[in-house]
Undergrad: 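Sharing a structure below in structure tokens format, with a few things to ask.
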Protein chains: 2
Amino acid sequence: MGAVVAEENVLAASQASGLLKALADPLRMEVIQSLSEGECCVCDLMKKTDLAQSRLSFHLKVLKDSGLITDRQSGRWVYYKLDLKAFQLLEDWIADLKKSCKNAAKPCS
Amino acid sequence: MGAVVAEENVLAASQASGLLKALADPLRMEVIQSLSEGECCVCDLMKKTDLAQSRLSFHLKVLKDSGLITDRQSGRWVYYKLDLKAFQLLEDWIADLKKSCKNAAKPCS
DNA sequence: AGAACGCATCAATTTATTTTGATATATCAA
DNA sequence: TTGATATATCAAAATAAATTGATGCGTTCT
């Protein structure tokens, strides 16, 4: 039983690690910030973030692969938006982590 | 005023980015998990994580530089522990981010 | 004092991530 | 059909992060 819990933690940790890694970049953070205003097409994101097309596309892919954002195509345009479920997941994970740290301040024997 | 707020966000974002980056690594996550049980010296962390001394030391430095953990020396040993303030900061930041994403799901015009 | 221990740091190498410029693909407009 | 636009993808180069083994430094033990 302990083992199962441990394994679940490892799994959750590696999932969370993926989200964190995608989020832990200033450029991608800017993209997230832009998308926090609402769904947006790549060309508008280029203007907002002042990134070259290829570069932006790369970071959008990282974010999309992580699950933090989703895309939808409409005609020539591709629209990206945040996937709030992923953010909720992340928030829950951190809250759990913090909860599990109740003894963290206890000095060593 | 808008500019000031924007600048504050950028600053907070880059701060958060540092924490996230440090946290977004499976090995460091393991270390954090070990430390969540309480303060621990490097030699015990080595046993718990099964990492070579130099490698562990490197990751401890990354975590320490980010502010997620602190250290204290006592005799020959160095004890590390989580800095819960940093975790609180991170949780708050994510909560804020999520809050600011209320319009994020709104489709583009 | 000398030896062993616990840990940090450094240089060299390996590995991973990011950037850049070029090219490809699909859609739309003329 | 031809040309332009929006975006993705690819390969090469640049940059950054991690690993390894060696060495150094302070502390304790004998």
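Side chains included, hydrogens not; waters and symmetry mates left out as well; all remaining heavy atoms used. Throughout, protein chains are lettered first and strands after them, A, B, ... in sequence-line order, and every chain is numbered starting at 1. As the structure is a computational prediction, the values presented were derived from the model and not from experiment.
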Undergrad: Can you measure Arg76(B) atom CZ to dC5(C) atom P for me and round it to whole angstrom units?
TA: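 My rounded result for the distance is 8 Å.
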
Undergrad: Hey, is the side chain of His59(B) poking within less than 4.0 Å of OP1 or OP2 on dA17(D), counting only N and O atoms?
TA: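 Checking His59(B) against dA17(D): no side-chain N or O falls below 4.0 Å of OP1 or OP2.
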
Undergrad: Establish whether Leu68(A) and Trp93(B) are linked, either directly or via other cluster members, by ILVMFWY side-chain heavy-atom contacts under 4.5 Å.
TA: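 Cluster IDs for Leu68(A) and Trp93(B) match.
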
Undergrad: Atom CZ of Arg72(A) and atom P of dT7(D): how far apart are they, to the nearest Å?
TA: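 Interatomic distance, CZ of Arg72(A) to P of dT7(D): 12 Å.
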
Undergrad: Taking for each residue the nucleotide of DNA chain D bearing the nearest heavy atom, is the 5' side occupied by Phe58(B) or by Val78(A)?
TA: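 Its nearest nucleotide being more 5', the pick is Val78(A).
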
Undergrad: Treating Arg72(A) as the side-chain partner and Tyr79(A) as the backbone partner, does any N or O pair qualify as donor plus acceptor under 3.5 Å?
TA: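 Between the backbone of Tyr79(A) and the side chain of Arg72(A) there is no qualifying donor-acceptor contact (under 3.5 Å).
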
Undergrad: Strictly below 4.0 Å: does Lys21(A) bring a side-chain N or O up to OP1 or OP2 of dT17(C)?
TA: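 Yes, because at least one side-chain N or O of Lys21(A) sits under 4.0 Å from OP1 or OP2 of dT17(C).
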
Undergrad: Heavy-atom count check: over 12 atoms from other residues, nucleotides or ligands less than 6.0 Å from Lys21(A) NZ?
TA: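 No, because the 6.0 Å sphere around NZ of Lys21(A) holds 12 heavy atoms or fewer from other groups.
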
Undergrad: Establish, with yes or no, whether the OP1 or OP2 oxygen of dA6(D) is under 4.0 angstrom from a side-chain nitrogen or oxygen of Tyr80(A).
TA: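 Looking at the OP1 and OP2 atoms of dA6(D), neither is under 4.0 Å from any side-chain N or O of Tyr80(A).
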
Undergrad: Going by modelled atom types, is there a donor-acceptor pair between the base of dA6(D) and the side chain of Gln53(A) at under 3.5 Å?
TA: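 Between dA6(D) and Gln53(A), which were checked side chain against base, a qualifying N/O pair under 3.5 Å is absent.
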
Undergrad: To the side chain of Ser57(B), which of dA8(C), dT9(D), dT27(D) is closest?
TA: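 Of all the options, the side chain of Ser57(B) is nearest to dA8(C).
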
Undergrad: So what does Leu60(B) touch, heavy atoms closer than 4.0 Å: a base, only the sugar-phosphate, or nothing?
TA: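 Result for Leu60(B) = nothing.
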
Undergrad: Leu63(B) CG to dA17(D) P: how many Å, rounded?
TA: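 Leu63(B) atom CG is separated from dA17(D) atom P by 14 Å.
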
Undergrad: Using heavy atoms to find the nearest nucleotide of DNA chain C for Trp77(A) and Val62(A) separately, return the residue whose nucleotide is more 5′.
TA: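 First, find each residue's nearest nucleotide; the 5'-ward one identifies Val62(A).
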
Undergrad: Write down the distance between CG (Asp25(A)) and P (dT17(C)), rounded to a whole number of angstrom.
TA: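 That distance rounds to 12 Å.
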
Undergrad: To the nearest angstrom, how far is Leu56(A) atom CG from dA8(D) atom P?
TA: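 In whole Å, dA8(D) P and Leu56(A) CG are 8 Å from each other.
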
Undergrad: Just checking Leu27(A): base, sugar-phosphate only, or nothing, at a heavy-atom cut-off of under 4.0 Å?
TA: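 Since only primed, P, OP1 and OP2 atoms lie under 4.0 Å of Leu27(A), the category is sugar-phosphate.
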
Undergrad: Rounded to whole Å, how long is the line connecting atom CG of Asp44(A) with atom C1' of dA6(D)?
TA: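 To the nearest whole Å, that distance equals 12 Å.
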
Undergrad: Counting N and O atoms only, with roles assigned by atom type, does the side chain of Ser57(A) sit under 3.5 Å from a partner on the main chain of Ser54(A), one being a donor and the other an acceptor?
TA: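 Looks like no, no N/O pair under 3.5 Å.
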
Undergrad: Rounded to the nearest Å, what distance is computed from the OH atom of residue Tyr79(A) to the P atom of nucleotide dA6(D)?
TA: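 So the two atoms are 11 Å apart, to the nearest Å.
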
Undergrad: Any side-chain to backbone donor/acceptor pair from Gln73(A) onto Gly75(A)? Under 3.5 Å, distance only.
TA: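 Yes, the answer is positive, given that a donor and an acceptor are paired below the 3.5 Å cut-off.
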
Undergrad: Let me know the distance between CZ of Arg28(A) and P of dT19(C), rounded to the nearest Å.
TA: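 My rounded result for the distance is 8 Å.
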
Undergrad: Have a look at Lys64(A) and say if it touches a base, only the backbone sugar-phosphate, or nothing, with a 4.0 Å heavy-atom cut-off.
TA: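 Answer is nothing: Lys64(A) stays at 4.0 Å or more from every strand.
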
Undergrad: Report yes if at least one side-chain N or O of Arg55(B) is closer than 4.0 Å to OP1 or OP2 of dT19(D); otherwise report no.
TA: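 Checking dT19(D) against Arg55(B), a side-chain N or O does come within under 4.0 Å of OP1 or OP2.
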
Undergrad: Please confirm whether the shortest side-chain N or O distance from Ser54(A) to OP1 or OP2 of dT20(C) is below 4.0 Å.
TA: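 No, no such contact exists.
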
